[in-house]
Amino acid sequence: MSVQERKERERAGRERLIVATARELAEQQGWDAVTTRRLAERIEYSQPVLYSHFRGKREIIGAVALEGAAEMAGALRAATSTTATATATDEPRARVVALARAYLDFAADNPAVYDAMFQLDGGLAFAQEDTPEPLKDAFAALLETLGEVAGDDVHPALFTELFWASLHGLATLTRAGRLPPEYSERRVELLVDRLAVV
């Protein structure tokens, strides 16, 4: 291994450490607790080292969001592929229900990551040509299942946006304690039955 390769690997390792530490701190104490000073203390590097990787908190939030988008895409695909092999009679509906549950579970299990993805300014472009690949892939993971239940006269991406917005509303309102938890499963079923053509 050349010196340059070793330096690049060390740099990538530091960057992963910064992102993982920011994510951990945000999950434990919220994003307000994530500062470059606190991150530097936790990872035992100086603040200038952090700034050599990220220009500030906004870029760190963006890095967490991209990591979270990749994880969410994986969780959605895993949920729908498992369901596709497990059921045969009501396969499209079962996959959409599994997708919705996986999305809501991801949001509930990773609140700081979810906030980085959809609530905070991470400097990332959505629904544009320069949208980063992990964000495009997360949307594609939704579209793969939802596109087939959009209906003949509805554009699949438009339907996916609407369904996604509904899931986001459910995730956000549930986390804020605005919706009674005992109806969470029924909400998913109603959403699927009223919006999806299955």
Side-chain angles (χ1 to χ4, degrees), residues 1-79 99 101-143 161 164-165 167-179 181:
M1 173 186 308
S2 72
V3 172
Q4 182 63 28
E5 290 172 330
R6 182 180 53 78
K7 286 183 178 182
E8 287 174 12
R9 187 162 42 172
E10 288 171 357
R11 179 173 177 74
R14 277 192 311 269
E15 196 165 296
R16 282 190 304 274
L17 178 62
I18 293 165
V19 171
T21 304
R23 184 174 172 166
E24 179 184 323
L25 186 57
E27 291 291 359
Q28 291 171 352
Q29 300 176 31
W31 279 103
D32 287 342
V34 179
T35 64
T36 54
R37 183 185 56 77
R38 290 186 78 189
L39 285 174
E41 288 171 4
R42 282 209 174 191
I43 64 172
E44 299 179 347
Y45 282 106
S46 67
Q47 284 183 326
V49 170
L50 270 115
Y51 285 117
S52 72
H53 291 275
F54 299 99
R55 285 182 284 190
K57 183 176 176 178
R58 181 178 188 221
E59 283 190 4
I60 294 169
I61 290 169
V64 170
L66 293 177
E67 189 175 89
E71 290 171 12
M72 185 173 76
L76 297 176
R77 287 189 176 108
L99 176 95
R101 287 181 180 144
Y103 183 97
L104 295 171
D105 287 347
F106 181 87
D109 294 343
N110 304 281
V113 173
Y114 191 81
D115 284 350
M117 293 167 66
F118 302 121
Q119 303 288 95
L120 302 174
D121 179 10
L124 304 174
F126 280 80
Q128 297 176 21
E129 283 187 32
D130 61 340
T131 298
E133 283 305 315
L135 297 179
K136 289 180 182 178
D137 190 49
F139 186 78
L142 291 166
L143 181 62
E161 289 172 353
W164 170 31
L167 289 174
H168 176 70
L170 287 175
T172 304
L173 291 170
T174 299
R175 187 166 128 203
R178 303 293 196 266
L179 299 175

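- Taking CG of D115 as the start and CD of E27 as the end, the distance is 8.5 Å to the nearest 0.5 Å.
- H168 pairs in a ring-ring contact (aromatic ring centres under 6.0 Å, His included) with only one of the listed residues (Y114, F106, Y103), which is Y114.
- Shown here is R11, whose CZ atom has more than 12 heavy atoms of other residues, nucleotides or ligands within 6.0 Å.
- Separating the CG atom in L179 from the OG1 atom in T174 is a distance of 4.5 Å, to the nearest 0.5 Å.
- Taking CZ of F54 as the reference point, atom OG1 of T36 lies at 12.5 Å (rounded to 0.5 Å).
- R175 contributes a side-chain N or O that, together with a main-chain N or O of P111, makes up a donor-acceptor pair within less than 3.5 Å.
- In R178, the CZ atom is not crowded: 12 or fewer heavy atoms of neighbouring residues, nucleotides or ligands sit closer than 6.0 Å.
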Side chain to side chain donor-acceptor pair (under 3.5 Å) assessment of R38 paired with Q29: CA-CA 12 Å; R38 290 186 78 189; Q29 300 176 31; 3.0 Å; yes
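- If you take CG on N110 and CD on E67, they are separated by 10.0 Å, rounding to the nearest 0.5 Å.
- The closest side-chain heavy-atom distance from L50 to I18 is below 4.5 Å.
- Nearest heavy atoms, G62 versus L124: O-CD1, 3.7 Å.
- Residues A116 and V64 come closest through the heavy atom pair CB-CG1, 4.0 Å.
- Between atom CZ of residue R42 and atom OG1 of residue T21 there is a gap of 7.5 Å, rounded to the nearest 0.5 Å.
- Between K136 and D130 there is no salt bridge, since no side-chain N of the basic residue sits under 4.0 Å from a carboxylate O of the acidic one.
- The backbone N or O of W31 lies less than 3.5 Å from a partner atom in the side chain of K57, making a donor-acceptor pair.
- Ring centroid separation for the pair H53 and Y45 does not come in under the 6.0 Å cut-off.
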Please lay out, stage by stage, how V3 and R6 fare under the test side chain to side chain contact (heavy atoms under 4.5 Å, CB included). CA-CA 5 Å; V3 172; R6 182 180 53 78; 3.9 Å; yes
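- Within 6.0 Å of atom CD in Q128, more than 12 heavy atoms from other residues, nucleotides or ligands are found, so the atom counts as buried in its surroundings.
- Taking every heavy atom of both residues into account, P132 and A125 meet most closely at CD-O, 3.6 Å.
- W164 contributes atom CH2, which lies 5.0 Å from atom CZ of F118 (distance to the nearest 0.5 angstrom).
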Verify side chain to side chain contact (heavy atoms under 4.5 Å, CB included) between I60 and L39, making sure each step is shown before the conclusion. CA-CA 11 Å; I60 294 169; L39 285 174; 3.6 Å; yes
Let's go through R23 and E71 carefully: what are the C-alpha distance in whole Å and the side-chain angles of both, what is the deciding distance for salt bridge (charged side-chain N to carboxylate O under 4.0 Å, His left out) to 0.1 Å, and is it a yes or a no? CA-CA 13 Å; R23 184 174 172 166; E71 290 171 12; 2.6 Å; yes
Verify salt bridge (charged side-chain N to carboxylate O under 4.0 Å, His left out) between R77 and D137, making sure each step is shown before the conclusion. CA-CA 11 Å; R77 287 189 176 108; D137 190 49; 2.8 Å; yes
